[in-house]
Amino acid sequence: MVWVPLGPPRSDCLPLLRTPNSNSLKMSLEWLVAWSWSLDGLRDCIATGIQSVRDCDTTAVVTVACLLVLFVWYCYHVGREQPRPYASVNALMQGADANGLQNGFVYCQSPECVRCAHNEGLNQKLYHNLQEYAKRYSWSGMGRIHKGIREQGRYLNSRPSIQKPEVFFLPDLPTTPYFSRDAQKHDVELLERNFQTILCEFETLYKAFSNCSLPQGWKMNSTPSGEWVTFYLVNQGVCVPRNCRKCPRTYRLLGSLRTCIGNNVFGNACISVLSPGTVITEHYGPTNIRIRCHLGLKTPSGCELVVGGEPQCWAEGRCLLFDDSFLHTAFHEGSAEDGPRVVFMVDLWHPNVAAAERQALDFIFAPGR
């Protein structure tokens, strides 16, 4: 804004007053011309577009519309794609009670059992469980599990005979028949410190064998020779309350282990007893996501564990860690005077399974899911 004093203007001031007004007027005119040109151009573009649609061939419009619909359908299909049902994977377990015997394991006759049932549609069920988990939480860190479920048939059928888990194989995990104590150092040391506690509770339990052939709570497993009995505190992720009440201190100890598998069907904790002359048939475990830990309670001479063709011996008060997805067997070649071989067995997480993967696997393989 220019302030002009009242009175007759001086001739030397006129140029100063007129110059800015002239420039402003010129700029305004240029802006109006440009704005008018822009509107004309926009109007022309719209008119051209409308005319193009009017002049367009009907067949071309229908073709473009069909292609668009196909593209949308394809995006939707890819987003909800389910894996193809390759070879079957065993179904998830419903309960822990077992009635049948087969290949050195306690098997049940339920079609929902994790070890004995066969369901061609389970791959899709597992994938559905993974999707449900990811919707609730996150897809972050699920790459290996997603890959494992989608390619489960190929993994299970193409694995070398030395390692072939029966139910679920998680790819890209380091493989070795035996693990060092440092793999799960905290839990190994805790179990070994409580060796006497576990041994005392076992000896109390074992006294019942003098009264009957198979006391309540014990399960007989089939073997080519001898006797193999187990006393489960946790069976396929399900606590056995009656047995836990008989071993309260051992059961409380499980709650102190950092890597104990207790929330999915691959987790077990039991006392395993081999009588002299017993041979367990060679077999594979259900998965490679766990490490099986044996704490030696009574280990007479002539007892041996063979995993992936490599023999090892137990020692009283010491833990032995191995991957039971490898072909393995155990035997007791001692005499009757040597007594039984007794170990406390507990399943721990494989050290290379990440925390996010553990949480997801607990969800996917939850008992009864």
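Please read these numbers as outputs of a predicted model, since none were measured by experiment.
A 4.5 Å side-chain heavy-atom check between F326 and E310 finds every atom pair outside the cut-off. Side-chain contact between R136 and F363 is present, with at least one heavy-atom pair separated by less than 4.5 Å. Looking at R341 and T278, their side chains never come closer than 4.5 Å, going by heavy atoms from C-beta outward. Side-chain contact between Q312 and V307 is absent, with no heavy-atom pair separated by less than 4.5 Å. Side-chain contact between L320 and Y178: present, with at least one pair of heavy atoms (C-beta onward) separated by less than 4.5 Å. In this structure the side chain of C260 reaches within 4.5 angstrom of the side chain of V346, judged on heavy atoms. Annotation: side chain of Q184 is not in contact with side chain of F179 (no heavy-atom distance under 4.5 Å). Side chains of F209 and V229 form a contact here, defined as non-hydrogen atoms less than 4.5 Å apart.
Under a hydrophobic clustering in which Ile, Leu, Val, Met, Phe, Trp and Tyr are joined whenever their side-chain heavy atoms come within less than 4.5 Å, directly or via other members, F331 and L297 fall into different clusters. Residues L348 and M345 are members of separate hydrophobic clusters, defined by side-chain heavy-atom contacts under 4.5 angstrom among Ile, Leu, Val, Met, Phe, Trp and Tyr. The hydrophobic clustering, which links ILVMFWY residues whose side-chain heavy atoms are closer than 4.5 Å, places L173 and L126 together. Under a hydrophobic-cluster definition in which Ile, Leu, Val, Met, Phe, Trp and Tyr are linked whenever side-chain heavy atoms come within less than 4.5 Å, directly or via other members, M142 and V353 are assigned to the same cluster. Residue V273 is not grouped with residue V279 when hydrophobic side chains (ILVMFWY) are merged at heavy-atom distances under 4.5 angstrom, including chains of intermediate members.
At least one donor-acceptor pair under 3.5 Å links the side chain of R144 to the backbone N or O of D172. Put simply, the side chain of T287 gets close to the backbone of F168: a donor and an acceptor are under 3.5 Å apart. Side-chain atoms of S225 come within 3.5 Å of backbone atoms of G277 as a donor-acceptor pair (strictly under, hydrogens ignored). A donor-acceptor pair under 3.5 Å links the side-chain atoms of N221 to the main chain of W228, judged by distance alone. Judged purely by atom type and a 3.5 angstrom limit, E201 uses its side chain to pair as donor or acceptor with the backbone of T250. No donor-acceptor pair under 3.5 Å is formed between the side chain of D323 and the backbone N or O of P177. With hydrogens and angles ignored, the 3.5 Å screen pairs a side-chain donor or acceptor of D338 with a backbone N or O of S335. Here the side chain of T329 pairs a donor or acceptor atom with the backbone of I280 at under 3.5 angstrom. Here the side chain of N243 pairs a donor or acceptor atom with the backbone of G217 at under 3.5 angstrom. H328 places a side-chain N or O within donor-acceptor distance of the main-chain N or O of H283, the cut-off being under 3.5 Å.
Atom SG of C247 and atom CG of L254 lie 10.0 Å apart (nearest 0.5 Å). The distance from atom CD of Q163 to atom CG of D324, rounded to the nearest 0.5 Å, is 10.0 Å. Note that the CZ atom of R150 and the NZ atom of K147 stand 12.0 Å from one another [nearest 0.5 Å]. Atoms SG and CG, from C313 and L305 in turn, are 9.0 Å apart once rounded to the nearest 0.5 Å. Rounded to the nearest 0.5 Å, atoms CZ (F344) and OG1 (T197) are 11.5 Å apart. We find the OG1-CG distance between T223 and L274 to be 8.5 Å, quoted to the nearest 0.5 Å.
Looking at D347 and R290, a side-chain N of the basic residue comes within less than 4.0 Å of a carboxylate O on the acidic one, giving a salt bridge.
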### Message
Would V234 and I261 count as a side-chain contact (heavy atoms from CB on, under 4.5 Å) here? Give the steps.
### Response
CA-CA 10 Å; V234 178; I261 301 178; over 6 Å; no
### Query
When you look at L205 and K246, which way does the side-chain contact (heavy atoms from CB on, under 4.5 Å) test go after all the steps?
CA-CA 8 Å; L205 285 173; K246 295 179 181 179; 3.8 Å; yes
#### Entry: CA sep, side-chain torsions, deciding dist, call: I145, L170, side-chain contact (heavy atoms from CB on, under 4.5 Å)
CA-CA 6 Å; I145 297 178; L170 185 64; 4.0 Å; yes
### Task
Before giving the answer on side-chain contact (heavy atoms from CB on, under 4.5 Å), spell out for Q196 and L199 the whole-Å C-alpha distance, their side-chain angles and the decisive distance to 0.1 Å.
CA-CA 5 Å; Q196 287 295 337; L199 178 62; 4.1 Å; yes
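H332 and C303 make their closest contact through ND1-SG, 3.3 Å (heavy atoms, listed as atom of the first residue, atom of the second, distance). Nearest heavy atom pair, residue L191 against residue L257, reads CG-CD2, 4.1 Å. Heavy-atom minimum distance, F266 versus I289: CD1-CD1, 3.6 Å. For the pair E192 and C319, the tightest heavy-atom approach, listed with the atom from each and the gap, is OE2-N, 2.9 Å. Across every non-hydrogen atom of R249 and C200, the tightest pair is NH2-CB, 4.4 Å. P367 and V265 get closest at one heavy-atom pair: CA-CG1, 3.8 Å.
Scored by the ring pair (Phe, Tyr, Trp, His ring centres under 6.0 Å) test, Y251 finds no partners at all (sequence neighbours excluded).
Taking the six-membered ring where tryptophan is involved, the planes of F231 and W218 are tilted, since the angle between them lies from 30° to 60°.
Remark: the D182 side chain and the S180 side chain contain no N/O donor-acceptor pair separated by less than 3.5 Å.
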